[in-house]
Amino acid sequence: MIEVKVPELAESITEGTIAEWTKSVGESIEKGETIAELETDKVNVEIKSEHSGVIKEFLFEPGDNVEVGQVIAVLGDAGEAGGSAPAEEPAAAAPVAEASKEEKAEEPKQEVPAAKAPEAEKKSVATRTAVASPAARKKARELGIDLNEVSYRDPMGRVRVEDVEAHQASAEKKKSEPAPAAPSKAAAAPKAVVQDDRIERVKMSRRRQTIAKRLVEAQHTAAMLTTFNEVDMTAVMDVRNRRKDAFFKKNGVKLGFMSFFTKAVIGALKSFPLLNAEIQGDEILMKKFYDIGVAVSTEEGLVVPVVRDADKLSFAGIEKEIGELGKKARDNQLALKDLQGGTFTITNGGIFGSLYSTPILNTPQVGILGMHTIQRRPVVVDDKDTVEVRPMMYIALSYDHRIVDGKDAVQFLVKVKQLLEDPEDLLLEG
């Protein structure tokens, strides 16, 4: 027998959820072929078989959580027939033998076994040693149920989650008096009680659960505060309109706003390095490199791929990198290395029409810049002392007040504003 285990994924990822099996029990698989897709906190990972053989058994079902190093499937030798897979399960050998004798004795009468099947499925199994899936064992532990008392429907004698739940429901029904409040049973009650066709229960994906967990964690662990300013985008839009055709012809990529903002952020980070730092225990890690995370919205939720060493890239290099990462994110092809690290994040709610917002920190980073939609509105032009209609954008900086003082945060945002309103400064800043 050959075991298929969850491989090492990344230093920060220790578990995942079986999204789907790409093969079936009894099917042959070659070394290097994908057997399952694993949904992790950040990306989906294909689990490939390290051996050739015949799939004998899946130990988990789609939706089950598994840990790195855990056995999730069993293979037999390539020469074995797929149909013989059930006979390989040692603990289930006795029930199979009994079933075979009954079928042999009843062969002339096809209807009899079918009529007796429900009773056979629910017969007591108190005298056997329970064979159960890991998910069923976990459920039984949570509910305090002895697996040897659970009736099973699996012809192989394997107890599954639904059998444990059915046993629990039956036990509850038999009780004449209300049971004392027990957290595990109380938690299961609403699922049985709620009967409303207008309500649909949809399980959160692992990625959505992780996003929710990290957003709450950011608010609980950081002293988060947000400061605002506004940018007159006239100069940037003028440069972009004049140079976009030549820029595309030369570089094969469009000149967008993100390269301007990335350059402006890097210039401001050099002046206020605490916003490019990280807290670890009672120490501050001062990072002297600029890996800028760019938030990208996908169907699965928000992901933040990282533009490495953005300070060393040209405007074209930044636009190409952001474009490639965005496409990979939307196609669900991001690798773990594309998401790891990052010293500061930029998020653009303006593409969805947001005028004003307070972005949440992408921990353990201590700063995130929020861009918003460009809106034409009347403003006072200081050097002319007149009111003109200008393309204006609100920008927001959320920061961790534990290491970044309000003065530095405000001046950082002012620096970003100055660099964007005079794009020539971006060239001088490098």
Side-chain angles (χ1 to χ4, degrees), residues 10-12 41-42 210-229 231 258 260-296 301-313 318 322 325 336-349 354 356-372 394-420 429:
E11 185 177 347
S12 60
D41 297 346
K42 298 179 179 179
T210 301
I211 291 172
K213 178 181 177 182
R214 293 198 60 175
L215 292 180
V216 172
E217 182 182 274
Q219 292 193 320
H220 286 175
T221 59
M224 193 163 62
L225 196 62
T226 305
T227 185
F228 304 91
N229 213 316
V231 178
M258 285 303 300
F260 286 94
F261 274 84
T262 301
K263 286 289 187 181
V265 161
I266 293 169
L269 288 174
K270 290 179 178 179
S271 298
F272 301 93
L274 280 175
L275 278 150
N276 201 51
E278 176 185 332
I279 296 177
Q280 280 193 5
D282 58 356
E283 295 181 330
I284 297 175
L285 274 60
M286 304 296 293
K287 301 176 181 178
K288 299 181 180 180
F289 57 95
Y290 304 91
D291 289 352
I292 307 300
V294 179
V296 178
L302 196 70
V303 293
V304 187
V306 179
V307 179
R308 307 288 177 187
D309 295 319
D311 58 315
K312 300 177 182 178
L313 298 177
I318 292 173
I322 290 175
L325 290 171
L336 291 174
K337 62 182 179 63
D338 295 326
L339 300 167
Q340 293 172 332
T343 61
F344 188 92
T345 294
I346 302 174
T347 180
N348 185 8
S354 173
Y356 214 65
S357 68
T358 56
I360 296 178
L361 289 173
N362 181 23
T363 55
Q365 297 171 21
V366 298
I368 180 171
L369 179 75
M371 299 167 55
H372 299 91
Y394 289 115
I395 54 176
L397 172 71
S398 291
Y399 59 98
D400 192 339
H401 212 340
R402 290 179 297 170
I403 65 170
V404 180
D405 292 333
K407 174 186 174 183
D408 288 343
V410 171
Q411 289 182 333
F412 173 92
L413 209 54
V414 170
K415 180 71 172 177
V416 171
K417 170 185 169 70
Q418 291 173 345
L419 291 171
L420 290 168
E429 289 288 338

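- Salt-bridge check for D400 with R402: passed, with a basic side-chain N closer than 4.0 Å to an acidic carboxylate O.
- Residues V306 and G341 come closest through the heavy atom pair CG2-O, 4.0 Å.
- Applying side-chain contact (heavy atoms from CB on, under 4.5 Å) to I395 and the options T227, I346, V416 leaves one that passes, V416.
- Pairing each heavy atom of V366 with each of E278, the nearest pair is CG1-CA, 4.4 Å.
- Between L419 and G267 the shortest heavy-atom distance is CD1-CA, 4.2 Å.
- With rounding to the nearest 0.5 angstrom, the CG atom of L285 is 11.0 Å from the CG atom of N276.
- Counting heavy atoms from C-beta outward, L369 and T345 have side chains that stay 4.5 Å or more apart.
- In this structure, the side chains of I292 and L269 come closer than 4.5 Å at one or more pairs of heavy atoms.
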Output, in order, the C-alpha distance, side-chain angles, deciding distance and verdict of side-chain contact (heavy atoms from CB on, under 4.5 Å) for L275 and D408. CA-CA 9 Å; L275 278 150; D408 288 343; 5.5 Å; no
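- Taken from CG in L274 to CG in D405, the straight-line distance is 8.0 Å, to the nearest 0.5 Å.
- In this structure, CZ on F272 lies 14.5 Å from NZ on K270, to the nearest 0.5 angstrom.
- When all heavy atoms of S354 and S357 are compared, the closest pair comes out as OG-CB, 4.0 Å.
- Counting all heavy atoms, side chain and backbone alike, I318 lies closest to A310 at CD1-O, 4.0 Å.
- Rounding to the nearest 0.5 Å gives a distance of 8.5 Å between CG of D291 and CG of D311.
- Within the 3.5 Å criterion, the main-chain N or O of Y394 finds a donor-acceptor partner in the side chain of H372.
- In this structure, CZ in F261 is found 4.0 Å from CE in M371, a value given to the nearest 0.5 Å.
- The shortest non-hydrogen separation linking D309 to F289 is OD1-CB, 4.3 Å.
- Of the possible polar contacts, one joining the S398 side chain to the P359 backbone as a donor-acceptor pair under 3.5 Å is found.
- Within the 4.5 Å cutoff, the side chain of V307 has heavy atoms near those of the I322 side chain.
- Proximity of D338 to L325: side-chain heavy atoms (C-beta onward) are separated by under 4.5 Å at one or more points.
- How far CG of L361 is from CD of E217: 11.5 Å, rounded to the nearest 0.5 Å.
- Between Y399 and F412, the ring centre distance reaches or exceeds 6.0 Å.
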